Amino acid sequence: MIKTTAVVVGAGHAGLAMSRRLTERSIEHVVLERGEVANSWRTQRWPSLRLLTPNWQTRLPGHDYAGDDPDGFMPAADVVATLARYARLVGAPVRTATTVHTLRADPQGFEMQANDDLLRAQAVVLATGACARPAIPGIAGAMPPSITTLTPLAYRDPGQLPDGGVLVVGASATGVQLAAEIHRSGRPVTLAVGEHVRLPRTYRGRDIFWWLEATGLLAERYDQIDDLTRARHLPSPQLTGTPEAITTDLNSLTALGIRIVGRLGRITDGVAQFSGALANTCTLADLKMNRFLNRADEWATASGLDDELPPPHRFAPTRVDPRTPLELDLTAGEFTTVLWAAGFRPDHSWLDIPVRDRNGHIRHDGGIVTGAPGLYVLGLPVLRTRASTYIHGAGADSGALADHLHAFLSGRRLR
Ligand SMILES: Cc1cc2nc3c(=O)[nH]c(=O)nc-3n(C[C@H](O)[C@H](O)[C@H](O)COP(=O)(O)OP(=O)(O)OC[C@H]3O[C@@H](n4cnc5c(N)ncnc54)[C@H](O)[C@@H]3O)c2cc1C
């Protein structure tokens with residue numbers, strides 16, 4: 001039996017940021033990690049992946065980007081190196097190769113089974129990631145057996161796929177990037193497009209994340225967002241990080257020769273059926289992009305930056321071919337592969353505490369888990385602000401939760 005004050009589960013950027021916050025507050029703790037530091041970036045990301053957030057934004061408590069390419073986009077291998085360096089910098093007490101299998105409440109706080117050890121702690125921070133499992137729609141069960149299916153967590157490069165056509169399902173950050181990469185390998189690609197968030201890579205000479213931060217959008221707090229559930233489940237923006245900082249929207253993909261179709265709704269007798277609402281879906285995404293660009297322009301004017309920045313402009317509406325097919329026969333030989341890029345989910349299924357709703361989502365108020373004093377969750381989308389979805393958001397989130405955890409421990413000691 002090992003006893004400690006606090007346990008952080010997961011040594012990704014969120015767990016490491018929390019470790020630094022606990023150390024700052026002299027709270028004894030241990031970080032339990034089933035693999036190595038930055039395990040997700042080592043084992044679940046494809047090698048060509050680059051962050052879609054610019055390097056200058058990859059900041060964590062006590063760490064700012066100090067490289068020579070602040071406006072570039074870090075490859076996954078550099079994210080691993082950055083997090084490994086950060087773990088050393090903050091002296092995070094990480095126990096690697098240690099999987100937490102269960103977490104239960106006990107009279108002193110929490111009890112965990114980690115490998116063969118039993119651990120007790122007064123407080124626990126879950127930092128096991130928002131993208132632990134791929135979201136695979138129920139219709140996957142109707143996939144014809146001739147089709148190879150895979151998810152982004154297993155995808156490494158196009159060479160892994162059989163020759164032939166590929167249907168990529170989902171047109172968010174992952175889907176658009178993988179569609180482009182697979183297309184470059186010479187395989188014909190069809191991209192099924194549901195609700196999506198369109199944003200240009202750069203606008204008026206600045207990266208879109210500069211605008212998202214400058215306008216205050218990323219700082220919007222969870223308790224001030226009208227439809228929080230929706231905000232927490234929004235798809236990731238159609239953005240990729242490339243050395244050329246290119247925009248990867250649907251127009252650029254169709255210009256490459258990628259066919260776009262509507263949302264994949266059903267598979268019946270081997271025939272994939274797509275929504276007929278593609279044009280409407282794209283119009284809505286264009287509208288929302290323009291709404292944000294209006295906000296950006298208003299902010300620039302109010303901030304007196306209009307003379308410094310290139311003038312406002314708008315992007316071409318998304319082009320949708322009126323002959324877009326509504327059905328494609330997956331058994332006719334055109335397709336050999338379906339790649340599910342329909343999003344990711346956290347995995348808190350191993351918790352032996354009734355803190356999840358009927359959809360499996362952990363119930364929390366800005367990371368303070370409901371009904372389990374001393375339990376916290378970090379690293380989920382829009383946890384405390386819209387920035388929580390991204391690496392740099394863990395800075396403020398971990399600070400706020402560490403403050404709460406500290407007060408909680410003080411309260412316990414007083415009793
Ligand atoms: C494809 C992709 C691209 C992304 N691109 C960006 C980007 O460009 N910019 C950005 O800011 N964000 C990006 N994100 C979002 C986010 O930053 C990452 O998901 C990030 O890895 C989340 O960090 P984390 O520390 O919360 O979780 P993770 O990095 O997933 O870390 C969780 C850790 O917990 C460990 N773990 C899980 N369960 C257990 C257990 N039971 N016991 C012990 N250890 C456990 C895992 O091994 C892992 O190391 C991207 C996400 C994905 C999936």
Side-chain angles (χ1 to χ4, degrees), residues 49-59 64-65 67-75 171-177 179-180 191 193 195-220 225 230-231 234-256 258 260 279-320 381-382 385-393:
L49 174 67
R50 284 173 181 266
L51 290 185
L52 56 82
T53 42
N55 289 338
W56 57 261
Q57 210 172 32
T58 304
R59 40 177 199 253
D64 281 328
Y65 177 78
D68 55 8
D69 187 18
D71 297 320
F73 303 93
M74 219 178 266
S172 295
T174 297
V176 296
Q177 178 175 345
L191 179 64
V193 179
E195 188 194 1
H196 57 276
V197 178
R198 181 183 179 195
L199 284 175
R201 181 69 267 178
T202 52
Y203 180 60
R204 299 180 70 181
R206 300 291 174 105
D207 189 85
I208 197 68
F209 273 93
W210 182 86
W211 288 103
L212 291 169
E213 203 164 291
T215 55
L217 186 122
L218 289 180
E220 283 173 13
I225 293 174
R230 186 176 151 67
L234 265 187
S236 57
Q238 278 173 343
L239 288 170
T240 54
T242 61
E244 305 78 21
I246 55 166
T247 289
T248 319
D249 59 12
L250 296 178
N251 283 347
S252 71
L253 295 183
T254 47
L256 288 175
I258 291 171
I260 60 169
N280 287 346
T281 308
C282 292
T283 304
L284 191 65
D286 291 354
L287 200 91
K288 287 185 176 166
M289 172 179 71
N290 287 333
R291 204 183 291 156
F292 175 69
L293 298 181
N294 291 342
R295 176 173 171 170
D297 291 337
E298 283 159 21
W299 174 85
T301 303
S303 308
L305 288 175
D306 276 331
D307 291 343
E308 248 178 65
L309 297 166
H313 64 95
R314 291 295 172 263
F315 297 85
T318 305
R319 288 182 296 275
V320 176
V382 198
T385 65
R386 290 190 193 271
S388 305
T389 309
Y390 302 101
I391 290 173
H392 71 282

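Just so it is clear, the structure is predicted and the values come from calculations on it, not from any experiment. FYI, the numbering just counts along the sequence from 1.
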side-chain contact (heavy atoms from CB on, under 4.5 Å) partners of Asp64, counting only residues at least two apart: Arg59
Closest non-hydrogen atom pair, Phe315 against Thr202: CZ-O, 3.8 Å
Contact check, side chains of Tyr65 and Gln57, non-hydrogen atoms, under 4.5 Å: no
Trp210: partners by ring pair (Phe, Tyr, Trp, His ring centres under 6.0 Å), with sequence neighbours left out: Trp299
Validation row: Asn290, Arg314 side chains within 4.5 angstrom (heavy atoms): yes
Closest non-hydrogen atom pair between Ala179 and Ile258, with its separation: O-CD1, 3.6 Å
Approximate separation, where rounding is to 0.5 Å, of Thr254 OG1 and Arg319 CZ: 5.0 Å
By side-chain contact (heavy atoms from CB on, under 4.5 Å) - contacts of Arg230 (at least two apart): Glu195, Asp227, Leu234, Lys288
Salt bridge (Lys or Arg N to Asp or Glu O under 4.0 Å) partners for Asp71, two or more places apart: none
Leu256 to Ala180 - nearest heavy-atom pair and separation: CD1-CB, 4.5 Å
Distance, nearest 0.5 Å, that separates CG of Leu253 from OG1 of Thr247: 11.0 Å
Where Arg204 and Leu309 come nearest, the two heavy atoms and their spacing: O-CD2, 3.8 Å
Closest contact, heavy atoms only, His196 versus Ala285: NE2-CB, 3.3 Å
Atom pair CZ/CG of Phe73 and Leu49 - distance to nearest 0.5 Å: 12.5 Å
Contacts of Tyr390 that satisfy ring pair (Phe, Tyr, Trp, His ring centres under 6.0 Å) - sequence neighbours left out: Phe209
Pairwise distance CG(Leu212) to CG(Leu217) - rounded to 0.5 angstrom: 6.0 Å
Any residue meeting salt bridge (Lys or Arg N to Asp or Glu O under 4.0 Å) with Arg198, in chain and number order, not counting sequence neighbours: Asp249, Asp286
Short side-chain to backbone donor-acceptor contact, Ser236 and Ala173, under 3.5 Å: yes
Test item: Thr385 and Leu218 side chains (from C-beta on) under 4.5 Å apart, heavy atoms: no
From CD1 (Ile260) to SG (Cys282), nearest 0.5 Å: 5.0 Å
Reported CD-to-CG distance for the pair Gln238 and Leu250, which is rounded to 0.5 angstrom: 4.5 Å
Nearest atoms (heavy-atom pairs only) where Val382 meets Ala231: CG2-O, 3.6 Å
Ser388 side chain to Gly393 backbone, donor-acceptor under 3.5 Å: no
Any side-chain heavy-atom pair of Ile208 and Arg201 under 4.5 Å: yes
